[in-house]
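The first residue of the sequence shown is numbered 1, and numbering continues consecutively from there. The model shown is predicted, which means the values in this text are computed figures rather than measured ones.
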Amino acid sequence: MTYAEYVDLKQQIEFHMDAYYNLDEPVISDYEYDLLMQKLKAAEKEHPGWVTPDSPSQKVGGVARREAGVKVVHNVPMLSIEDMFTKEDVAAWIDRVLAVHPDAAFSVETKIDGLSMTLRYEKKEDGRLHLMLAETRGDGITGEDVTANALVIPDVKQVIDLPFEKLELRGEVYMSHEAFEAYNTRQEQAAKKPAANPRNLAAGTLRQLDPAITKERGLCMFVFNVQDGPAELMEQHVAAMDLLQQKGVPVTQHWLCRTKEEVLSCIDAIGAMREGLPYDIDGAVIKLDRIAQRSDFSTSSKYSPGHIAYKYPPEEKIVVMDRILVDVGRTGKLTFTGEFHDKETGKPARLCGTSVSRATLHNQDYISDMKIGIGGSYRLFKSGEIIPKLNGCVQEPAEVFCAPTHCPVCGSLLEREEDTADIRCVNSSCPAQLSRTVSYFASLNAMNIIGLGDTLVEALAKEGFIADFADIYRLQSRRDELIEAGIIGKEKNTDKILAAIEKSKENDPVSLLTGLGIRNVGKNTAKELMKHFSSIDQLMTASKEQLLAVDDIGETTADCILDYFAQEKNHSVIEAMKQLGVNMTMPVAEGGSDRLAGLTIVVTGTLPTLGRKDATDLIELHGGKASGSVSKKTSYVLAGEAAGSKLTKAHELGIPVIDEARFLEMIK
């Protein structure tokens, strides 16, 4: 691995750490994340000089977020546990321990998939321990005060009948499958977005501000460690857990093992019972029972000494295909969805705490390669423990599914694009495309017509009020009809939507071009195009050579633009919108120039006077391109304090680095 690849890998892992720990929205599975981390550790082992304190291998979890409460510095750092992925590695670790401490015993425990929390107790006048503070892990050193929310979690004991002066316990907050399904049922009934999985929902619930919401959602907690306390609880871990359990504290399931064989057998037993648990686990934790022995087995400042975790591979189920649904997307592209049942139970498959009965089948090539058809059996897993995916055919169906030859909505003949797997309905008047296309046009990313969402667009299209984009701007002249029909509502709601439509006429052509939904032309591409063309009219008459001269516009995108504007119907709709007052011309920027024309500049670090957005705006105002990543195409890197990995990459690639003063000189 080169150093540049190592830096890219660190950035990739940091992105996924933020998604998991801070945003509660992971985009890859724990297993996939673990593989990335293993790759990083292997590179750092081979090149120890590359390791810095900010490497993901040296950091714990996420950051403390100001949502549920103020930040709290932990009395005892809340560290991670080093993961292992084979039982051979676990066995080797146990051998190392026994070589130093032949009398060592181990606690093997379920690894709950939730959010870590520490509870601080103090002795009060009644001689018992009372809960004083609850804190999340955060970055391992500083967390958030979530005491108000912890007090409404039934498993959190507010008073423990023990005569100690103080006690600090660490555990895992989680959500049961039953509570998770109840929450999603309520969300669906309220026409709101369901949660992705129990872990994310539990984390978000613990961090939010209203304890009443926390109480309603039904969080649970298991204690898995004594962080600090009297000597009698800091000697042997299992004895401490047993004492707490006797006093009514819910503790994680744990087994005392005295040999390597017992530990490995226990790991297998936990794996076997995993599916039947009413909550999610993703591994088994192995701890040295004698706490004093743990310090002899420290691996890094990130990990708790004397602990390891065996991570189970992703869950898989065998499902039987019942039905394949074919739909038409916004651009006319056919989409395929498989509906199935668990082969063993006959019900939706249970994976990662949720019931799964359907998965995307991508395209006809995917269907053919996977041999997907009614009655076939397939392995199912969850990518990112969120998105269900098929993972191979177990038993082939009698017949592999073939896509229809005609549009399932309008009946038009379908076309397969050359050199792609995409099949499309090319009828631009297809009702399926119309509602989605108009909804996209009105969306936040495009014309931002507030209130004109999917449901309303479908209703307006169904009643004949909208057949194309221009019809949106004709609704003002049909105000009385709309009110009488009651599609939008009474006068107040109707006028509100019509006012938002009128306001959208003032948007710059970037928003309009984005909203047209030309294939391969999203917001960023539209922005680049409208830097080079002063109006939509000018873009409509551009040649292929002129389009290819624009940054990031290749042959395919240029052809898509030319094909779109070659259709007379599209010309007519755009002309109608212009006549109805929709802005087609780019504003002339004051103080602009072409001093940075042809230059790509990356901004990184903290500049003395300019904010990141200010610098980006100035680059674009003077004809340059502001990029978020350093590559061989980068002209300059504008760097301030704490520039980090982008500055390192610039040095590696020999890209000139400038400071704010030099940048301001360039645009004078």
Side-chain angles (χ1 to χ4, degrees), residues 328-332 409-410 412 425-485 487-488 494-519 521-523 526 529-530 533-542 560-586:
V328 183
R330 176 178 60 82
T331 62
V409 177
C410 71
S412 299
C425 171
V426 294
N427 175 19
S428 59
S429 299
C430 175
Q433 294 181 64
L434 175 63
S435 59
R436 293 186 180 95
T437 300
V438 174
S439 295
Y440 178 75
F441 181 89
S443 69
L444 177 65
N445 197 46
M447 292 298 277
N448 191 23
I449 303 175
I450 298 171
L452 192 59
D454 296 354
T455 303
L456 182 53
V457 167
E458 287 182 14
L460 289 168
K462 184 178 180 180
E463 295 299 321
F465 284 92
I466 291 179
D468 57 40
F469 300 142
D471 282 342
I472 296 173
Y473 297 98
R474 296 186 179 105
L475 291 176
Q476 181 68 51
S477 64
R478 304 182 68 179
R479 174 181 178 274
D480 293 342
E481 290 179 68
L482 288 168
I483 293 171
E484 185 177 348
I487 297 173
I488 300 176
T494 301
D495 288 339
K496 191 174 179 180
I497 297 291
L498 293 176
I501 292 172
E502 286 298 303
K503 188 175 186 301
S504 74
K505 292 180 179 180
E506 303 169 7
N507 292 343
D508 65 37
V510 172
S511 298
L512 177 60
L513 180 57
T514 303
L516 294 178
I518 301 172
R519 283 173 47 215
V521 179
K523 189 83 170 181
L529 285 164
M530 297 317 298
F533 300 97
S534 62
S535 66
I536 296 293
D537 287 332
Q538 190 181 72
L539 174 64
M540 289 170 65
T541 59
C560 289
I561 296 168
L562 292 170
D563 289 346
Y564 184 88
F565 289 127
Q567 296 181 40
E568 181 58 36
K569 184 179 189 311
N570 294 334
H571 264 276
S572 299
V573 170
I574 291 170
E575 180 61 30
M577 286 195 287
K578 184 163 64 173
Q579 295 301 319
L580 289 163
V582 178
N583 177 38
M584 302 277 164
T585 305
M586 287 294 291

Between Leu475 and Asp471, is there a side-chain heavy-atom distance shorter than 4.5 Å?
no

Heavy-atom side-chain contact between Asn445 and Tyr440 under 4.5 Å
yes

Tightest non-hydrogen contact, residues Ala446 and Lys523, listed as O-NZ, 4.3 Å

In Å and rounded to the nearest 0.5 Å, what is the CD1 to CG distance from Ile487 to Leu482?
6.0 Å

What pairs with Asp495 under side-chain hydrogen bond (donor to acceptor under 3.5 Å, both in side chains), at least two apart in sequence or on another chain?
Arg479

Would you check, one step at a time, whether the test side-chain contact (heavy atoms from CB on, under 4.5 Å) holds for Lys496 with Ile450?
CA-CA 9 Å; Lys496 191 174 179 180; Ile450 298 171; over 6 Å; no

Measure the CG-OG distance between Leu456 and Ser439 for me, rounded to the nearest 0.5 Å.
9.0 Å

Atom CG of Leu513 and atom CE of Met540: how far apart are they, to the nearest 0.5 Å?
11.0 Å

Heavy atoms, side chains only, cut-off 4.5 Å: are Ser534 and Thr585 in contact?
no

Which residues satisfy the salt bridge (charged side-chain N to carboxylate O under 4.0 Å, His left out) test with Glu481, sequence neighbours excluded?
Arg478

Assess whether salt bridge (Lys or Arg N to Asp or Glu O under 4.0 Å) is satisfied between Glu502 and Lys505, documenting all intermediate values.
CA-CA 6 Å; Glu502 286 298 303; Lys505 292 180 179 180; 3.1 Å; yes

Roughly how far, to the nearest 0.5 Å, is CG of Leu498 from OG1 of Thr494?
6.5 Å

Under a 3.5 Å distance rule, please check whether Arg474 uses its side chain to pair with a backbone N or O of Leu580 as donor and acceptor.
no

Are Ile574 and Met584 close enough that some pair of their side-chain heavy atoms sits under 4.5 Å apart?
yes

Work out which heavy atom in Ile536 is nearest to a heavy atom in Met530; give both atom names and the distance.
N-CE, 4.0 Å

Check whether any side-chain heavy atom of Leu512 sits under 4.5 Å from a side-chain heavy atom of Met577, and report yes or no.
yes

In the structure I gave you, are the side-chain heavy atoms of Cys430 and Ser412 within less than 4.5 Å of one another anywhere?
no

Nearest 0.5 angstrom please: Ile449 CD1 to Leu444 CG, how far?
12.0 Å

Spacing of CG belonging to Leu434 relative to CG belonging to Asp468, to within rounding of 0.5 Å:
8.0 Å

Strictly distance-based, threshold 3.5 Å: is any side-chain N or O of Gln433 a donor or acceptor partner for the main-chain N or O of Cys425?
yes

Go through it in stages, so that I can follow the logic: the residues are Ile518 and Asn570, the test is side-chain contact (heavy atoms from CB on, under 4.5 Å), and I'd like the CA-CA distance, side-chain angles, deciding distance and then a yes or no.
CA-CA 11 Å; Ile518 301 172; Asn570 294 334; over 6 Å; no

Before giving the answer on salt bridge (Lys or Arg N to Asp or Glu O under 4.0 Å), spell out for Asp537 and Lys578 the whole-Å C-alpha distance, their side-chain angles and the decisive distance to 0.1 Å.
CA-CA 10 Å; Asp537 287 332; Lys578 184 163 64 173; 2.8 Å; yes

Shortest non-hydrogen pair, Thr514 vs Ala526, comes out as OG1-CB, 3.4 Å

Output every pair passing ring-ring contact (aromatic ring centres under 6.0 Å, His included) with a member in residues 441-485, not counting sequence neighbours, ordered by first then second residue.
Phe441-Phe469

Is there side-chain contact between Gln476 and Ile501, with heavy atoms separated by less than 4.5 Å?
no

In sequence, state the C-alpha distance, the side-chain angles, and the governing distance for Asn507 and Asn583, and then conclude on side-chain contact (heavy atoms from CB on, under 4.5 Å).
CA-CA 7 Å; Asn507 292 343; Asn583 177 38; over 6 Å; no

Check whether any side-chain heavy atom of Met447 lies under 4.5 Å from a side-chain heavy atom of Ile472, and answer yes or no.
no

